[in-house]
Amino acid sequence: MKTKLLLFSVLISFFGNAQTITHVQQSTNYDATFTNDSGLYNDTGFMTMNLWTWEAGGDGIMQVAAWKKFTDNGLPSGNSMTMAVGDSFKINITTSKSWAGQIGVSLLSSPSATAAYTDRHNNYAVQVNKNGDGPWEVVSSGGTIDATTITSGNLWFDYEFVYTLNTATTMTVVINKYTINDHAAPLETATKSVTLNNSNITGYSVYADNWLNGTTGYLFKQPTEYIVNNLSTLDAEQMNNINVIYSDSRIHINGLNDTDKFELKIYDLLGREIKSINKDNTFVELTPSLYIAKLNVEGKGTMARKLLVK
């Protein structure tokens, strides 16, 4: 029986080549904000940022949004960055249902406007939204909606969104749902591979609204992290063309030339090396699990992959 390895670019900190930039979730760290019958404030005791909409008079206009650029120190004072192939962005939130409104996080490509709630998706590359009591969904190229089965109902849960840029125009989005303050293992996970609506991602927006009487809260928790991948030196086209297949106790790598010499090392999630494979010896027995692979192609460079063996 042949088992394919599900692949997407990832930052592997134990290889020693990754840099993690922390974006502390406090309202003063955002470059622009918008509120309308809503609030955006800090809870310094828990080091979080809260987007909150409430309604007392029934006018139905409750909106809050904030925009932040990626920088090399995670602060507005840092140098601006554009997301590179292999880079990842991770953000953690706690929320319940959003009544009749929308809550979400969008990655943006140099937004031209950040002054109104309608600007929250300005020049978006990809959105992760929840509308009312519906499930989390990923919105990508041309407004394509990839709905997940992850919902919250009236209960509060922690959620983690991980965006990983695979090529200049494609991304993997992972949504993990957790019990509040317990991230030992996700209750549910959804993975979506999407084509971006815009390339050259420069930052993100966070937002919430509410169109009915009531309240909806959106609590951002630490850590929010941008992970710079200094590992991958293969260009985007080469990375996109490389495919790894596990079958008959052997690794098969498609997308390389017959003359290419390579070494592929397989690690478990604790960073322990399981096997080293080269062109002359591709035999390996892998049990169903999640692994990390580091591929080095002589004269061309290296890259890292997650390998899910089912």
Side-chain angles (χ1 to χ4, degrees), residues 4-12 23 65 67-70 81-93 95 98 102-111 119-132 134-152 159-177 186 188-207 224-229 232 234-244 255 290 303-308 310:
K4 288 188 176 182
L5 302 179
L6 178 63
L7 307 180
F8 53 96
S9 300
V10 67
L11 264 297
I12 311 304
H23 289 251
W67 294 262
K68 193 175 191 310
K69 291 183 290 188
F70 292 138
M81 298 173 55
T82 299
M83 203 168 190
V85 171
D87 288 1
S88 293
F89 175 65
K90 178 175 67 175
I91 190 166
N92 292 276
I93 69 168
T95 188
S98 54
Q102 182 183 80
I103 56 179
V105 178
S106 291
L107 298 192
L108 308 176
S109 301
S110 299
D119 298 330
R120 68 195 187 281
H121 297 154
N122 186 279
N123 288 353
Y124 80 88
V126 64
Q127 308 169 29
V128 175
N129 302 316
K130 187 162 73 69
N131 297 287
W136 288 104
E137 60 186 27
V138 180
V139 183
S140 55
S141 179
T144 301
I145 297 176
D146 289 305
T148 74
T149 59
I150 299 178
T151 60
S152 61
Y159 299 92
E160 179 184 72
F161 305 150
V162 183
Y163 307 79
T164 302
L165 191 63
N166 299 323
T167 72
T169 58
T170 63
M171 173 172 281
T172 298
V173 181
V174 179
I175 302 173
N176 292 314
K177 175 181 178 180
E188 297 179 71
T189 295
T191 301
K192 299 292 183 180
S193 297
V194 299
T195 299
L196 299 177
N197 195 59
N198 284 292
S199 57
N200 299 320
I201 298 168
T202 57
Y204 65 99
S205 63
V206 294
Y207 43 88
T224 292
E225 296 175 333
Y226 185 103
I227 308 174
V228 181
N229 183 3
S232 180
L234 290 169
D235 65 35
E237 183 176 358
Q238 288 174 312
M239 289 178 63
N240 196 40
N241 290 334
I242 292 175
N243 188 28
V244 180
L290 182 63
M303 67 179 186
R305 297 292 198 194
K306 276 187 179 179
L307 307 179
L308 178 62
K310 295 183 179 180

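Looking at Ile91, Asn92, Ile175 one by one, the single match for side-chain contact (heavy atoms from CB on, under 4.5 Å) with Glu160 turns out to be Asn92.
Side-chain contact check for Asn131 and Glu137: at least one donor-acceptor pair (N or O, by modelled atom type) lies under 3.5 Å.
For Ser110, the side chain to side chain contact (heavy atoms under 4.5 Å, CB included) partners at least two apart in sequence or on another chain are Thr202. Residues that satisfy the side-chain hydrogen bond (donor to acceptor under 3.5 Å, both in side chains) test with Tyr207, not counting sequence neighbours, are Ser106, His121, Asn129. Under the rule for a side-chain hydrogen bond (donor to acceptor under 3.5 Å, both in side chains), the partners of Thr189 that lie at least two apart in sequence or sit in another chain are Asn176. Qualifying side-chain hydrogen bond (donor to acceptor under 3.5 Å, both in side chains) partners for Lys69, counting only residues two or more places apart in sequence or in other chains: none. Partners of Phe161 under the ring pair (Phe, Tyr, Trp, His ring centres under 6.0 Å) rule, at least two apart in sequence or in another chain, are Trp136.
Residues Asp119 and Trp67 meet the side-chain proximity criterion, which asks for heavy atoms closer than 4.5 Å. Using a 4.5 Å heavy-atom cutoff, the side chains of Leu108 and Asn122 are not in contact. Side-chain contact between Ile150 and Tyr159 is present, with heavy atoms from C-beta onward closer than 4.5 Å. For the pair Glu188/Thr149, a side-chain contact is recorded, criterion being any heavy-atom separation below 4.5 Å from C-beta on.
Taking every heavy atom of both residues into account, Ala168 and Val85 meet most closely at N-CG2, 3.8 Å. Pairing each heavy atom of Asn198 with each of Ser109, the nearest pair is CB-OG, 3.4 Å.
Between Tyr204 and Tyr163, the gap from one ring centroid to the other reaches at least 6.0 Å.
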Step by step, would you call Val228 with Met81 a side-chain contact (heavy atoms from CB on, under 4.5 Å)? CA-CA 10 Å; Val228 181; Met81 298 173 55; 3.8 Å; yes

Determine, step by step, whether Leu107 and Val126 satisfy the side-chain contact (heavy atoms from CB on, under 4.5 Å) criterion, reporting the C-alpha distance in whole Å, the side-chain angles of both residues, the deciding distance to 0.1 Å, and the verdict. CA-CA 6 Å; Leu107 298 192; Val126 64; 4.0 Å; yes

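Rounding to the nearest 0.5 angstrom, the gap separating the OG1 atom in Thr164 from the CG atom in Asp87 is 9.0 Å. Interatomic distance, Asn166 CG to Thr172 OG1, rounded to the nearest 0.5 Å: 3.5 Å. Taken from CG in Leu196 to OH in Tyr124, the straight-line distance is 10.5 Å, to the nearest 0.5 Å. The OG atom of Ser193 sits 11.0 Å away from atom CE of Met171, with the distance rounded to the nearest 0.5 Å. The structure places CD of Gln127 at 8.0 Å from OG of Ser205, a figure rounded to the nearest 0.5 Å. The distance from atom OG1 of Thr169 to atom CG of Asn197, rounded to the nearest 0.5 Å, is 11.5 Å.
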Tabulate below the donor-acceptor pairs under 3.5 Å that side-chain atoms of residues 139-146 make, not counting sequence neighbours, or state none.
unit_1	atom_1	unit_2	atom_2	d
Thr144	OG1	Ser141	O	2.7

